[in-house]
Every structure is written in structure tokens, then in C-alpha cells.
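Written below as C-alpha cells is the structure these notes are about.
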Amino acid sequence: MEEYSREPCPYRIVDDCGGAFAMGCIGGGVFQGLKGFRNAPQGIRRRFAGSLVSIKSRSPVIAGNFAAWGGVFSIVDCTLVHLRKKEDPWNSIISGAVTGGVLAARNGVAAMAGSAIIGGILLSMIEGVGILFTRISAEQFRNPAPLTAQDVLANSGGRGEVDSKSGFGFPGSGQPNISG
């Protein structure tokens with residue numbers, strides 16, 4: 001299953017890293033804004049000021065963490081695509097596990113193993129939901145099975161007659177009767 005809408009691998013790393021930074025910046029800004037508003041002293045002006053201070057101080061850190069995760073994930077994903085010569089859900093699952101392990105390396109082997117397991121499970125759930133939605137949406141585009149002569153005989157009451165007068169919209173091109 002190849003994705004043609006994505007950039008080739010060297011550019012994909014920068015693209016994913018930037019996209020992760022943007023998601024972290026926006027999501028972190030919203031979350032930190034609410035947190036700063038809630039934890040500020042009373043008064044609407046103080047609450048908005050606390051919200052802004054919290055956004056300015058913590059949102060770039062969260063965005064950087066997201067960018068690091070996206071960059072490592074893309075590097076591992078592109079490496080697996082190059083080594084395995086195919087692009088499938090296993091690449092994303094393995095990339096999530098390796099990324100979780102690499103980013104937790106400073107905390108020790110136990111934390112690495114735990115983060116790798118969580119990363120692998122998280123990405124396998126994401127890939128599983130993606131496959132599920134793909135199969136559900138593909139069901140509506142499935143072509144119906146073509147009619148056979150036996151189906152036509154069964155639907156016409158065994159007489160073997162088909163409407164040959166219409167010619168399917170083309171004058172003078174009558175369809176022959178199917179007789180059993």
C-alpha cells in the first residue's frame with residue numbers, strides 16, 4: 001500500500017517534523033492557555049494575562065517535544081521503508097516503538113522498554129483504526145457481481161426472455177434472447 005500523496009523520504013522527514021511542531025504549538029497553546037487561565041489569580045485581566053504568560057512560556061517547549069517525536073518517527077519510518085522495500089502498517093508500528101524507546105533513553109532501560117511498548121501499542125491502534133475505516137469505506141465502492149445466464153433465467157421465471165426491444169438506448173440494436 002503506497003501513499004502517493006506524501007513527499008519522498010528525505011523531504012518527508014522535514015515535512016513531518018514541521019507538521020508535528022505546528023500541531024504541538026497549536027495544541028500546546030490551547031492547553032496551556034486554559035491551564036494559565038485557570039491557575040491565574042481572580043480578575044478577568046489577570047486570568048488573560050496568566051493565560052498569555054503560560055502560552056508564551058510552555059507552548060514552544062511542547063511544540064519542540066512534538067517536533068522531536070515527529071522527526072525521530074519519520075527517520076525510523078524512512079529507514080524501514082528503505083530496508084524493507086515496502087510501505088505498510090508494520091513500518092509505522094515499529095517506528096512508534098523505536099521512537100518511544102529512543103526518546104526515553106535518558107531515563108534508563110526500564111523506561112525505554114516501557115515507552116517502546118506504549119509507542120508500539122499506540123501506533124498499532126492508530127493503524128488498526130485506519131485499516132478499519134479503509135475497509136468500511138471501500139465497501140461502498142465495491143462493484144456488483146455481473147449477472148450470469150443462470151441469474152437471468154432465475155429472475156425471468158425460467159422463460160429465458162430479456163427485454164430485447166429497448167436495445168439499451170441504441171436504436172436498431174436489439175439484444176438476443178437468452179434461451180436455455
Are the side chains of [X] and [Y] in touch, meaning some heavy atoms are under 4.5 Å apart?
| X | Y | value |
| --- | --- | --- |
| Pro89 | Ile131 | yes |
| Arg84 | Asn91 | yes |
| Leu123 | Ser95 | no |

**OP:** Please lay out, stage by stage, how Phe31 and Ser59 fare under the test side chain to side chain contact (heavy atoms under 4.5 Å, CB included).
**Re:** CA-CA 9 Å; Phe31 182 77; Ser59 184; over 6 Å; no

With sequence neighbours excluded, residues passing side-chain contact (heavy atoms from CB on, under 4.5 Å) with [X]:
| X | value |
| --- | --- |
| Val102 | Val72, Val98 |
| Ile44 | Phe37, Phe48 |
| Val61 | Arg58, Asn65 |

Donor-acceptor contacts, no H, no angles, side chain residues 109-121, under 3.5 Å, sequence neighbours left out:
unit_1, atom_1, unit_2, atom_2, d
Ser115, OG, Ala111, O, 3.1

With rounding to the nearest 0.5 Å, note down the distance linking [atom1] in [X] to [atom2] in [Y].
| X | Y | atom1 | atom2 | result |
| --- | --- | --- | --- | --- |
| Asp88 | Leu80 | CG | CG | 9.5 Å |
| Thr134 | Leu132 | OG1 | CG | 8.5 Å |
| Thr99 | Leu122 | OG1 | CG | 11.0 Å |

**OP:** Report the residues that fulfil side chain to side chain donor-acceptor pair (under 3.5 Å) with Arg38, sequence neighbours left out, ordered by chain and then residue number.
**Re:** none

Original post:
In chain order, what residues pass the side chain to side chain donor-acceptor pair (under 3.5 Å) check against Ser54, with sequence neighbours excluded?
Top reply: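 For Ser54, the residues satisfying side chain to side chain donor-acceptor pair (under 3.5 Å) (neighbours in sequence not counted) are Gln32.
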
Can you list, pair by pair, the side-chain donor-acceptor contacts under 3.5 Å of residues 16-27, counting residues two or more places apart and other chains?
unit_1, atom_1, unit_2, atom_2, d
Asp16, OD1, Arg6, NH2, 3.3
Asp16, OD2, Arg6, NH2, 2.7
Asp16, OD2, Ser74, OG, 2.6

Original post:
Of all heavy-atom pairs between Gly50 and Ala40, which one has the smallest distance, and what is that distance?
Top reply: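 The pair with the smallest heavy-atom distance is CA-CB, 4.2 Å.
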
Pairs touching [range] that satisfy disulfide bond (SG atoms under 2.5 Å apart), sequence neighbours left out:
| range | answer |
| --- | --- |
| residues 49-88 | Cys9-Cys78 |
| residues 96-138 | none |
| residues 83-135 | none |

Original post:
Phe66: which other cluster members, linking ILVMFWY side chains closer than 4.5 Å, directly or transitively?
Top reply: Ile62

**OP:** Any chance you could pull the hydrophobic cluster mates of Tyr11, using side-chain heavy atoms under 4.5 angstrom and chaining through other members?
**Re:** none

Original post:
Is it true that Leu103 and Ile94 fall in one hydrophobic cluster, defined by side-chain heavy atoms closer than 4.5 Å?
Top reply: yes

